[in-house]
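Each remark here refers to the structure printed beneath this line.
Not measured: the values here are computed from a predicted model.
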Amino acid sequence: MNNRIENRIELKAPVSRVWRALTDHREFGEWFRVKLEGPFTPGEIARGRITYPGYEHLKWEVAIKEMIPEKLFSFTWHPYAVDPEIDYSDETPTLVEFRLEETATGTLLVLTESGFDKIPSRRCLEAFRMNEGGWTEQMKNIENHVTQKSSQNCG
């Protein structure tokens, strides 16, 4: 099994726009489909409720690791932690990193999630499979979000 998910997408939006979509908790919630309780702060836990249809009963919780403006946003979480009857707190979380790079036409966004080898074997394959598909969808969501919002701005 691969220990790492990596997705790359070139977004036709400036780095500052993509950064805001990633790190403003309200904007992040729009495209990621989670209602967050407050802003992202390194060293703090960000909490909210998933708004994705079929998963609204689930809490969303991540530990914010780094926020290097317009370069790196990272957090840890318990991947595919969807059974409300299971306490995932004893598991080692995976690391999610969003790296931004300016390109001639906008921004290269590189998403990686690593650490699946530390997930208990009974659920690591399913967590990897579900998150791999989930991140593919989320990359389309952020692309739609930043291009739709960018096109509404004049100049």
State whether the side chain of Asp117 and the backbone N or O of Asn3 hold a donor-acceptor pair below 3.5 Å, judged by distance alone. no
Test of understanding: with side-chain contact (heavy atoms from CB on, under 4.5 Å), list the residues that count as partners of Arg129, not counting sequence neighbours. Glu126
Measure from the side-chain N and O atoms of Trp31 to the backbone N and O of Ala21, and report whether any donor-acceptor pair falls under 3.5 Å. yes
Short N-O contact, Glu27 and Arg20, less than 4.0 angstrom: yes
Minimal non-hydrogen separation, Val146 against Ala13, with atom names: CG2-CB, 3.9 Å
Qualifying side chain to side chain donor-acceptor pair (under 3.5 Å) pairs with a residue from residues 57-74, counting only residues at least two apart or across chains: Arg47-Glu61
Hydrophobic side-chain clustering at under 4.5 Å (ILVMFWY, transitive links): who's grouped with Ile68? Put none if nobody. Leu72
Taking atom types as modelled and ignoring hydrogens, do the side chains of Thr103 and Glu10 form a donor-acceptor contact shorter than 3.5 angstrom? yes
For Gly54 and Glu56 the tightest heavy-atom approach is N-OE1, 2.8 Å
Residues which pass side-chain contact (heavy atoms from CB on, under 4.5 Å) with Ser121, listed by chain and number, not counting sequence neighbours: none
If the condition is side-chain hydrogen bond (donor to acceptor under 3.5 Å, both in side chains), which residues does Trp135 pass it with, not counting sequence neighbours? Glu113
Identify whether the distance between the nearest side-chain nitrogen and carboxylate oxygen of Glu97 and Arg99 falls below 4.0 Å. yes
Charged N to carboxylate O under 4.0 angstrom, Glu6 versus Arg8? yes
Look at the side chain of Gln138 and the backbone N and O of Phe32, then say whether any donor-acceptor pair between them is shorter than 3.5 Å. yes
All side-chain hydrogen bond (donor to acceptor under 3.5 Å, both in side chains) counterparts of Arg122, not counting sequence neighbours: none
Applying the 4.5 Å side-chain criterion to the ILVMFWY set and letting contacts propagate, would Val110 and Leu100 be lumped into a single cluster? no
Donor-acceptor pairs under 3.5 Å, side chain of residues 35-46 to any protein atom, not counting sequence neighbours: which ones?
none

With sequence neighbours excluded, what pairs up with Asp87 under the side-chain hydrogen bond (donor to acceptor under 3.5 Å, both in side chains) test? Ser89
Ile86: side-chain contact (heavy atoms from CB on, under 4.5 Å) partners, not counting sequence neighbours: Asp83, Tyr88
Sequence neighbours left out, what passes side-chain contact (heavy atoms from CB on, under 4.5 Å) with Glu102? Give chain and number order. Val15
Residue pairs involving residues 131-141 (criterion salt bridge (charged side-chain N to carboxylate O under 4.0 Å, His left out); sequence neighbours excluded): none
Separation of Ile119 CD1 from Thr92 OG1 (nearest 0.5 Å): 7.0 Å
Closest approach of Pro14 and Thr107, non-hydrogen atoms and distance? C-OG1, 3.2 Å
Could you list the residues that satisfy salt bridge (charged side-chain N to carboxylate O under 4.0 Å, His left out) with Arg33, not counting sequence neighbours? none
Thr112 and Ile5: CA distance, side-chain angles, deciding distance, side-chain contact (heavy atoms from CB on, under 4.5 Å) verdict: CA-CA 5 Å; Thr112 57; Ile5 294 168; over 6 Å; no
